[in-house]
Asker: 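Got a structure here, written out as structure tokens. Questions coming.
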Amino acid sequence: MYEIDQDNLLRRSEHVKEVEAKPYFLHEEDVQVIGEHTCQKPFRVKGLIGQSAMSYGSLGDRAITALSSGLKMAGGTWMNTGEGGLSPYHLKGGADIICQIGPGLFGVRTEDGAFSFEEFKKKSEHDEVKAFELKLAQGAKTRGGHIDGEKVTEEIAQIRKLPPHQSIDSPNRFEMFNSIPDMFDFIEQLRSIGGKPVGIKLVVGHKEDIKELALYMKKSGKHPDFITIDGGEGGTGASFHELADSAGLPIFTALPMVHQILKEYGVRDRLKLFASGKLLSPDKIAIALSMGADFVNIARGLMFSVGCIRAQVCHTNKCPVGVATTDPKLQKGLSIEEKKYRVCNYILSLREGLFNLCAAAGIESPIHFNVKHIIFRKENGQTSEVPMFSGTQQSI
């Protein structure tokens, strides 16, 4: 933490002091388990807040290392690798990891672009890797991802199993499956090989799609270990404005819809729900938990914690603060030793804020937030305690 020595009109000075902070972990009886009944190695989590998908390549090695180190210090959390795959910098800090697999299969592909079960098994053998996530879609990149060739260094190309210095477009769909039954069979195959939980990440567009998914889970008995719901308001440095701004339902509309449909089909208790989409503060997180989320993913807030100033030049490799760039000169401005503490403190402050809200709501743990703790205000000023699937973030 920073202690101020003096602060007046003409001068400000401060010094850094390392202190032992309260971690605000969940009570032992409230610890959440992902893949409890399906996996040899389920994922036990002491907190409800973690890092959303951010790839090495889109972010530089210093930013990824600072995130990994800070999240490890905070404990009870996780980092998602993003579709760029598992890198040494994700592993460097020792944080728990959810390894994402996108349609481009970066890091788990053969030279000709097919899925490699051998590479997948290698990734699953890392102790830090606690789960895998199949990225079907992302709120701000519903058409698939992109990274300019200028950012694709030799190292990044080697990690992703691709040629260096060439622009990369990730497809918007997997080639290994094109139906829900095929996808679930693939999930079971990955689960049996890796022994760890496997989930899916999606963006909600139509109720009928979620109903189809829930119906198959009910009939087949098969299911992912978790579903990550990404709101259409999510951010990225690699998409078109019309997709980033308008495609996909906002998280506070999509989340209660998915939660309710899964309950109606009797499959909600078989899996966990992650929610993401501008949930940067304890109050927004509490609302998401009340709407049915088990966990919350954050990217934007954690980018701020490692120095992002929203320069909006992520795609140019010229990030002035060394966050969204692979340029060694620009990355010199990012101090891992400083930023890891900011990452840690951000997570701890969010968890503390959640417990403060618990106290205000008269509950002992954030896992007990439910729909009774939120009130909806319609545009005409009327309020309702019933989830309004047609609402928007502004109507809460």
Asker: Taking atom NZ of Lys72 as the centre, report whether more than 12 heavy atoms of other residues, nucleotides or ligands fall under 6.0 Å from it.
Answerer: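 No, because the 6.0 Å sphere around NZ of Lys72 holds 12 heavy atoms or fewer from other groups.
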
Asker: Between Leu348 and Met79, is there shared hydrophobic-cluster membership here, with clusters defined by ILVMFWY side-chain heavy atoms closer than 4.5 Å?
Answerer: no

Asker: Would you say that more than 12 heavy atoms from the other residues, nucleotides or ligands in this model lie under 6.0 Å from the NE2 of His27, or not?
Answerer: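 It does: His27 NE2 has more than 12 such atoms within range.
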
Asker: Residues two or more places apart in sequence or in another chain: which of them pass ring-ring contact (aromatic ring centres under 6.0 Å, His included) with Phe304?
Answerer: none

Asker: Among Lys201, Glu133, Lys272, which one satisfies side-chain hydrogen bond (donor to acceptor under 3.5 Å, both in side chains) with Thr228?
Answerer: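 Single pass found, and it is Glu133.
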
Asker: Verify, without hydrogens or angle tests, whether Arg268 (side chain) and Gly292 (backbone) share a donor-acceptor contact under 3.5 angstrom.
Answerer: yes

Asker: On a heavy-atom basis, which atom in Ser68 and which in Gly94 lie closest, and how many Å separate them?
Answerer: OG-N, 3.5 Å

Asker: Tell me whether Thr65 contacts the main-chain N or O of Arg62 through its side chain, where contact means a donor paired with an acceptor under 3.5 Å.
Answerer: no

Asker: Surrounding CD of Glu364 (heavy atoms of other residues, nucleotides or ligands, distance under 6.0 Å), is the total greater than 12?
Answerer: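 Not buried by this count: 12 neighbours or fewer within 6.0 Å.
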
Asker: Holding to ring-ring contact (aromatic ring centres under 6.0 Å, His included), I want the full list of residues that pass it with Tyr56, two or more places apart in sequence or in another chain.
Answerer: Tyr89

Asker: Counting only heavy atoms not in Glu3 (residues, nucleotides, ligands), do more than 12 fall under 6.0 Å from its CD?
Answerer: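 Enclosed.
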
Asker: Which atoms form the tightest heavy-atom contact between His90 and Leu86, and what is the distance?
Answerer: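 Smallest heavy-atom distance, with atoms named: CB-CD1, 4.1 Å.
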
Asker: Determine, using the 4.5 Å side-chain heavy-atom cutoff (strictly less than), whether Ile180 and Ile229 are members of one ILVMFWY cluster.
Answerer: yes

Asker: Any donor-acceptor pair under 3.5 Å linking the side chain of Thr325 with the backbone of Gly322?
Answerer: no

Asker: Spell out, as yes or no, whether a donor-acceptor pair under 3.5 Å connects the side chain of Ser179 to the backbone of Asp182.
Answerer: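 Yes; at least one donor-acceptor contact below 3.5 Å.
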
Asker: Any sub-3.5 Å donor-acceptor pair from Asp294's side-chain atoms to Leu273's backbone N or O?
Answerer: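 Confirmed, Asp294 side chain pairs with Leu273 backbone.
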
Asker: Do Lys339 and Leu334 have side chains that get closer than 4.5 Å, going by heavy atoms?
Answerer: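 They are in contact (side-chain heavy atoms under 4.5 Å apart), so the answer is yes.
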
Asker: Answer yes when Asp96 and Arg44 have at least one side-chain N-carboxylate O distance shorter than 4.0 Å, and no when they do not.
Answerer: no

Asker: I want to check something: taking the side chain as every heavy atom from C-beta on, are Asp327 and Lys318 in contact at a cut-off of under 4.5 Å?
Answerer: no

Asker: Are Ile200 and Val267 connected in the hydrophobic side-chain network, where two residues link if heavy atoms are under 4.5 Å apart?
Answerer: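 Yes; tracing contacts between hydrophobic side chains, which count when under 4.5 Å, links both residues.
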
Asker: Parallel, tilted or perpendicular: which one describes the rings of Phe120 and Phe115, with boundaries at 30° and 60°?
Answerer: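 Tilted.
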
Asker: Would Lys130 and Ile34 satisfy side chain to side chain contact (heavy atoms under 4.5 Å, CB included), going step by step from the backbone distance to the final call?
Answerer: CA-CA 9 Å; Lys130 303 299 183 184; Ile34 304 171; over 6 Å; no

Asker: For the side chain to side chain contact (heavy atoms under 4.5 Å, CB included) test, which of Leu279, Leu289, Thr77, Ile298 pairs with Ile49?
Answerer: Ile298

Asker: Carefully, step by step, assess Met176 and Leu105 under the rule side chain to side chain contact (heavy atoms under 4.5 Å, CB included).
Answerer: CA-CA 10 Å; Met176 298 93 70; Leu105 308 178; 3.7 Å; yes

Asker: Is the closest side-chain heavy-atom distance between Ser69 and Glu337 below 4.5 Å?
Answerer: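 No, side chains not in contact.
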
Asker: Same cluster for Met257 and Leu255 if Ile/Leu/Val/Met/Phe/Trp/Tyr side chains link at under 4.5 Å?
Answerer: yes

Asker: Under a 3.5 Å threshold, yes or no: a donor from one side chain and an acceptor from the other, between Asn80 and Ser52?
Answerer: no

Asker: With no hydrogens and no angle check, is any side-chain donor or acceptor of Thr153 less than 3.5 Å from a backbone partner on Ile156?
Answerer: yes

Asker: Minimum heavy-atom separation for Val152 and Gln166, please, with both atom names.
Answerer: CG2-O, 3.4 Å

Asker: Is it true that a side-chain atom of Asp7 and a backbone atom of Arg12 form a donor plus acceptor pair closer than 3.5 Å?
Answerer: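 No.
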
Asker: Is the number of heavy atoms from other residues, nucleotides or ligands under 6.0 Å of Glu29 CD greater than 12?
Answerer: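 Enclosed.
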
Asker: Parallel, tilted or perpendicular for Tyr24 and Phe355, by the 30°/60° rule?
Answerer: tilted

Asker: Got more than 12 heavy atoms from elsewhere within 6.0 Å of CD, Glu118?
Answerer: no

Asker: Is there a path of hydrophobic side-chain contacts, each under 4.5 Å between heavy atoms of I, L, V, M, F, W or Y residues, that connects Leu215 with Phe184?
Answerer: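 In one cluster: yes.
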
Asker: Around atom NE2 of His206, are there more than 12 heavy atoms from other residues, nucleotides or ligands closer than 6.0 Å?
Answerer: no

Asker: Does Glu338 have more than 12 heavy atoms from other residues, nucleotides or ligands lying within 6.0 Å of its CD?
Answerer: yes

Asker: Tell me, do Trp78 and Asn297 make a side-chain contact under 4.5 Å, heavy atoms counted?
Answerer: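 Yes, close enough: below the 4.5 Å cut-off.
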
Asker: Report the C-alpha distance between Ile285 and Leu357 in whole Å, list the side-chain angles of each, state the deciding distance to 0.1 Å, and finish with yes or no for side chain to side chain contact (heavy atoms under 4.5 Å, CB included).
Answerer: CA-CA 10 Å; Ile285 294 167; Leu357 287 168; over 6 Å; no

Asker: Compute whether any side-chain donor of one residue and acceptor of the other, for Gln100 and Glu83, lie under 3.5 angstrom apart.
Answerer: no

Asker: For the pair His126 and Cys99, evaluate side chain to side chain contact (heavy atoms under 4.5 Å, CB included) and give the outcome as yes or no after the intermediate values.
Answerer: CA-CA 11 Å; His126 288 282; Cys99 185; over 6 Å; no

Asker: Between Arg191 and Gly35 (side chain of the first, backbone of the second, donor and acceptor by atom type, cut-off under 3.5 Å), is there such a pair?
Answerer: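 Pair absent, no side-chain N/O of Arg191 close to backbone of Gly35.
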
Asker: One thing to verify: whether Asp185 and Lys222 come together as a salt bridge, which I'm taking to mean a side-chain N less than 4.0 angstrom from a carboxylate O.
Answerer: yes

Asker: Looking only at heavy atoms, which two atoms of His373 and Ser290 are closest? And how far apart?
Answerer: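 Result for this residue pair: CB-OG, 4.0 Å.
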
Asker: Would you name the heavy atoms of Gly221 and Arg270 that are closest together and state the gap between them?
Answerer: CA-NH1, 3.6 Å

Asker: Would you say Arg160's side chain and Gly57's backbone share a donor-acceptor pair under 3.5 angstrom?
Answerer: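 Between the backbone of Gly57 and the side chain of Arg160 there is no qualifying donor-acceptor contact (under 3.5 Å).
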
Asker: Salt-bridged, Lys122 to Glu119, with N to O below 4.0 Å?
Answerer: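 Answer for the salt bridge query: yes.
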
Asker: Show the nearest heavy-atom pair for residues Cys319 and Ala324, with the distance to one decimal.
Answerer: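 Looks like SG-N, 3.4 Å.
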
Asker: Quick one: does any side-chain atom of Glu175 pair with a main-chain N or O of Arg173 as donor and acceptor, under 3.5 Å?
Answerer: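 Checking the backbone N and O of Arg173 against the side chain of Glu175, no donor-acceptor pair under 3.5 Å is found.
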
Asker: Using the ring centroid of each side chain, check whether Phe186 and Phe174 are separated by less than 6.0 Å.
Answerer: no

